J.: 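Sharing a structure below in C-alpha cells format, with a few things to ask.
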Amino acid sequence: MNALAQQRLAALAGWFDRNSRQGWTPLGDKLLIGQFAAIVPTNFAEPPPVVDYHPDALPFFVSDEACVGMSFADFETGAPATQDRGDQRLSHVLWLVNDGKLPPFGLVPLIDPREPIGEAVARAGLAIDLDAFPVLAVPLWPLNANAQYVLGHRLPFAPKPGAADPDMPTDPMPAGFVGSDRF
C-alpha cells in the first residue's frame with residue numbers, strides 16, 4: 001500500500017482514538033468514553049476474525065497488507081460507554097467523509113460473518129486507486145434490521161472523484177479534553 005493510503009488510514013485511526021479518549025468532568029469526576037471505532041488488521045482471504053462482540057462496538061477491518069508497519073488500538077468488544085449506537089457512529093463517519101472532514105476511503109459492507117472479506121470487497125467492485133485510498137470493511141450483521149436497511153443503501157462507499165484530505169489536526173487534544181474540537 002502506498003504511503004498516501006497509509007497516511008489516510010492513520011489519520012482516520014487517530015480521529016477514532018481522539019473520540020474515544022476518557023476525560024474529567026468539571027468537578028473532577030472521571031468521564032468514561034467508550035471506543036468510538038477501531039481499525040482491525042485482518043487477512044482478507046479469511047472471514048472476519050472477530051464475530052462475537054456487542055452490536056454497538058464498531059470494527060473496521062483493513063487488510064494486513066495495508067497495515068504493514070502500522071499499529072492501532074486494540075478492538076474493545078464490549079458495549080462502548082457513553083457512545084451513540086454503532087449504526088449512528090458509522091453514519092456519522094460517512095457524513096464526515098462526504099463533507100471532507102475525514103480523509104477519504106472506500107468502505108465495503110460485510111453481510112455474512114462466514115464470508116471471506118476479500119470476496120465481499122471483490123463483489124462490491126469499488127473502482128478506486130488502492131495506492132491512494134484505503135479500503136475498509138464494516139460488518140452490518142450485528143445491527144438491527146432497520147440500520148442494516150438504511151446503511152445497506154449507502155454502502156459500498158467510494159471516495160468522491162478528486163477527494164482530497166481535510167486539514168487534519170496533528171497535535172494531540174489538550175489534557176482532559178473530551179471529544180473533538182474539530183467536528
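Predicted, not measured: the structure shown is a model, and the values here were computed from it.
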J.: Which pair of non-hydrogen atoms, one from Asp64 and one from Pro41, has the smallest distance, and what is that distance?
T.: OD1-C, 3.3 Å
J.: Hey, are the side chains of Leu12 and Leu102 touching, using non-hydrogen atoms and a 4.5 Å cut-off?
T.: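 Yes, side chains in contact.
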J.: Between Asp56 and Leu58, is any pair of side-chain heavy atoms under 4.5 Å apart?
T.: no
J.: Provide the closest heavy-atom pair for Arg154 versus Trp95 in the form atom of the first, atom of the second, distance.
T.: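 Smallest heavy-atom distance, with atoms named: NH2-N, 4.1 Å.
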J.: Please give the remaining members of the hydrophobic cluster of Val150, linking ILVMFWY side chains under 4.5 Å, ordered by chain and number.
T.: Tyr149
J.: Verify side-chain contact (heavy atoms from CB on, under 4.5 Å) between Val97 and Asp99, making sure each step is shown before the conclusion.
T.: CA-CA 5 Å; Val97 172; Asp99 202 34; over 6 Å; no
J.: Let me confirm one number: the CG-CG distance from Leu90 to Leu155, rounded to the nearest 0.5 Å.
T.: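 Spacing of CG (Leu90) from CG (Leu155) equals 6.0 Å.
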J.: Could you give the distance from CZ (Phe75) to CD1 (Ile39), rounded to the nearest 0.5 Å?
T.: 11.5 Å
J.: Check Gln35 against Glu76 and note the closest heavy-atom contact, atom names and distance.
T.: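 Closest heavy-atom pair between Gln35 and Glu76: OE1-N, 2.8 Å.
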J.: Treating Arg8 as the side-chain partner and Pro103 as the backbone partner, does any N or O pair qualify as donor plus acceptor under 3.5 Å?
T.: no
J.: Show every donor-acceptor pair shorter than 3.5 Å between a side-chain atom in residues 105-127 and any protein atom, with sequence neighbours excluded, or say none if there are none.
T.:
| unit_1 | atom_1 | unit_2 | atom_2 | d |
| --- | --- | --- | --- | --- |
| Asp112 | OD1 | Arg114 | N | 2.9 |
| Asp112 | OD1 | Arg114 | NE | 3.2 |
| Asp112 | OD1 | Arg114 | NH2 | 3.4 |
| Asp112 | OD2 | Arg114 | NH2 | 3.4 |
| Glu115 | OE1 | Arg123 | NH2 | 3.3 |
| Glu115 | OE2 | Arg123 | NH1 | 2.4 |

J.: Tell me which donor-acceptor pairs under 3.5 Å the side chains of residues 132-145 have, and how far apart each pair is, sequence neighbours excluded?
T.:
| unit_1 | atom_1 | unit_2 | atom_2 | d |
| --- | --- | --- | --- | --- |
| Asn144 | OD1 | Asn146 | N | 3.1 |
| Asn144 | OD1 | Ala147 | N | 2.7 |

J.: Rounded to the nearest 0.5 Å, what's the gap from CG on Asn98 to CG on Leu96? Could you check?
T.: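 Taking CG in Asn98 and CG in Leu96, the distance rounds to 9.5 Å.
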J.: Quick one: closest heavy-atom pair of Gly78 and Ala57, and the distance?
T.: O-CB, 3.9 Å
J.: Please check if the number of heavy atoms outside Asp74 that lie under 6.0 Å from its CG is greater than 12.
T.: no
J.: Taking the side chain as C-beta and beyond, is there a heavy-atom pair between Leu151 and Ser91 under 4.5 Å?
T.: yes
J.: Give me the atom names and distance for the closest heavy-atom approach of Leu9 to Cys67.
T.: CD2-SG, 4.1 Å
J.: Can the ring centres of Phe72 and Phe16 be said to be less than 6.0 Å apart?
T.: no
